[in-house]
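Just so you know, these numbers come straight off a predicted model, no measurement behind them. Within every chain, numbering begins at 1; the chains are lettered A, B, ... in the order of the sequence lines, protein sequences first and strands thereafter.
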Number of protein chains: 2
Amino acid sequence: MTKKQLIMEKAIELFAEKGFEATSVQQITDECGISKGAFYLTFKSKDELILALIDYFMMQFTSDIDYVVKNTKNKEDLLYKFYYTIFNSFSKHADFAKILIKEQIRSFNEEFLQKSHIYDQAMDKIILSMVERLYGDEIHQTKHDVMYCVKGFMKTYAELFLFHNLPLDLDLLARSLVEKTNVLARNITIPFISTELVQLLHQSKGKEATKDQILELIEQNINEIEESIEKESLILLKQQLIEPALSPAIVKGLLENIRNHTQCKWTSYLLRDYFEVL
Amino acid sequence: MTKKQLIMEKAIELFAEKGFEATSVQQITDECGISKGAFYLTFKSKDELILALIDYFMMQFTSDIDYVVKNTKNKEDLLYKFYYTIFNSFSKHADFAKILIKEQIRSFNEEFLQKSHIYDQAMDKIILSMVERLYGDEIHQTKHDVMYCVKGFMKTYAELFLFHNLPLDLDLLARSLVEKTNVLARNITIPFISTELVQLLHQSKGKEATKDQILELIEQNINEIEESIEKESLILLKQQLIEPALSPAIVKGLLENIRNHTQCKWTSYLLRDYFEVL
DNA sequence: TATACTAATGACTAATAAGTCACATGTCAA
DNA sequence: TTGACATGTGACTTATTAGTCATTAGTATA
């Protein structure tokens, strides 16, 4: 394990237990068995650490969910797999999930807020696309309400098992929430979240990643990565991004090649979104 | 306005904006136009202030909801009034609601956690009793799931309008959530939150107020309050608590007399709970 | 082995903020 | 007017913690 990983791991534990502001850099370094100076060789500041943690987990998290939603062919399984994947990630990375819920909307610094917003909107988009696919146009009026209810279920039930360390029956939880979501989506008629409201919500907020930003990210990945298959896939995807030439099947296959590499997950999510691979 | 009220009001504003830990006592006193010393003449510490704020608002809040639930005769109106009252309180005391959501489960100090827990459980109890009354025994298996979904709706939709300062159509919101709640309660069949799970949740947590604690509170109220009707009502209720002698109608009337006095709201809630007035 | 370079250390600085207290100011009754 | 008491003040103390930097330890190369 690198020093960076060690710091991130111990920091997650401490932040989850005591909160970000209540945890000092000294406590983190003590826990890691390193000096304070060593910490500042790895991270420029305490803020940079929390930002790195958010990126690290949220990129994985978001892209995993996106992959499941985009690649589950069978509509019957879709919702189940969605909830199962979400809560599975929550329980695997319980400490990070706790931080996410605890430190929510706190206003540390502008960058933190912006980041939270970007991931939040990415998740909204994924859930909304799932809702649209599942229930079609007949719930056009209520789709945003359904989306917010799904988010509400996620948050409420996550808190339940994260902060009371209860035994978690993932299968039952997923089935139970699938039923709730279906029941809601198929029966509600009074939307609260109208299209105008959504526009008000989204105006003046973060925008999508640009082609240039994705290119930069790929460049970075290419330099970091050793494995030849992943590296070549990235190079081809980069060319495809600059000048489309490959067939959708090839693009999809290339994306498949990189999606399980930790450092590429986010790139793969952005590319799926960009190429609109279904 | 007393100095105490002034401090509480300005503190609420600052805490909602920047968070509890990020707001210094100096900033609060500057905002109030008083000195730091004056602050410490009113509150023994910064912690005592936040605890006082929680009690002040949560007591009002909880007892208002409880009153609405216990005193709405017509089942048709019950859910609507519940949601309307909740979101009305949230929007009236938006700054406090923000703090409540932002600083949630943070672990400042043991007393804070305990207090949050007590109010949380009081709210659970109120919602559960409402759900039971509305849907009867046929949803015995799923009532806790319904209760948690109601809490999920509250939190999710509260966040929506508190942190994006959107225009709020209270009537539409209440109607929309009434429908969602009804649809869920009447159609779900797969409970996730079983009776055993509830027991696990509630074990080793806060307990109900004892008779002696209520008596002490009444004594305190009697000394604080000037108004003769309220004062006499309290004295009679105190005697009733020590030795029951009055008819339920009289008790209910006495409770009605005190329920709108800010300082008595919590007492009135505890007494309603104790006497099981329906 | 000597040299050059990188990584790690922890005492130190600077900033912030909770809480205190000697002193000042205001108020009211005799 | 005086004295007694309540109320208010803000400089000061104490504690904590983010971040720095001169120094040391470790390692690889010639």
Worksheet item: In terms of side-chain heavy atoms of Ala38(B), which of dT20(C), dG10(C), dG8(D) is nearest?
Response: dG8(D)
Item to complete: Using a strict 4.0 Å threshold on nitrogen-to-oxygen distance, state whether Asp273(B) and Lys125(B) make a salt bridge.
Response: yes
Worksheet item: Mapping Lys44(A) and Gln27(A) onto DNA chain D by nearest heavy atom, which one lands closer to the 5' end?
Response: Gln27(A)
Worksheet, complete the sentence: Looking only at dG10(D), dG19(D), dA18(D), the nucleotide nearest the Ser45(A) side chain is dG19(D)
Worksheet item: Quick one: does Lys46(B) reach the base of dA17(C) with a side-chain donor-acceptor pair under 3.5 Å?
Response: no
Discussion item. Without decimals, in angstroms, what is the distance between Leu49(A) CG and dA18(D) P?
Written reply: 11 Å
Fill in: Basic-acidic side-chain contact under 4.0 Å: Lys18(A), Glu13(A)
no
Worksheet item: Heavy atoms under 4.0 Å, any strand shown: does Thr23(B) hit a base, just sugar-phosphate, or nothing?
Response: sugar-phosphate
Fill in: Distance, rounded to the nearest Å, where Phe39(A) contributes CZ and dA11(C) contributes P
19 Å
Worksheet item: Of the candidate nucleotides dA18(C), dG19(D), dT17(D), which contains the atom at the shortest distance from the side chain of Lys36(B)?
Response: dA18(C)
Item to complete: Choose from dG8(D), dA8(C), dG10(D) the nucleotide whose nearest atom is closest to any side-chain atom of Leu41(A).
Response: dA8(C)
Response to the item:
To the nearest angstrom, the NZ-C1' distance between Lys4(B) and dT7(D) comes to 16 Å
Practice prompt. Find the distance Asp30(A):CG to dG10(C):P and express it as a whole number of Å.
Written response: 10 Å
Discussion item. In whole Å, I'd like the distance from the OH atom of Tyr40(A) to the C1' atom of dT13(C).
Written reply: 13 Å
Worksheet item: To the nearest angstrom, how far is Lys18(A) atom NZ from dT16(D) atom P?
Response: 12 Å
Worksheet entry | Under-3.5 Å donor-acceptor pair between Lys3(A) side chain and dA7(C) base | no
Worksheet item: Looking at Asp124(B) and Lys151(B), does any basic side-chain N land under 4.0 Å from a carboxylate oxygen?
Response: yes
Worksheet item: What integer distance in Å separates Ile34(A):CD1 from dT9(C):C1'?
Response: 11 Å
Fill in: Tyr67(B) six-ring centre to Lys265(B) NZ/CZ under 6.0 Å and within 45° of normal
no
Discussion item. With a 4.0 Å cut-off on N to O distance, would you call Glu21(A) and Lys46(A) a salt bridge?
Written reply: no
Discussion item. Nearest whole Å is fine: how far is dT16(D) P from Glu21(A) CD?
Written reply: 17 Å
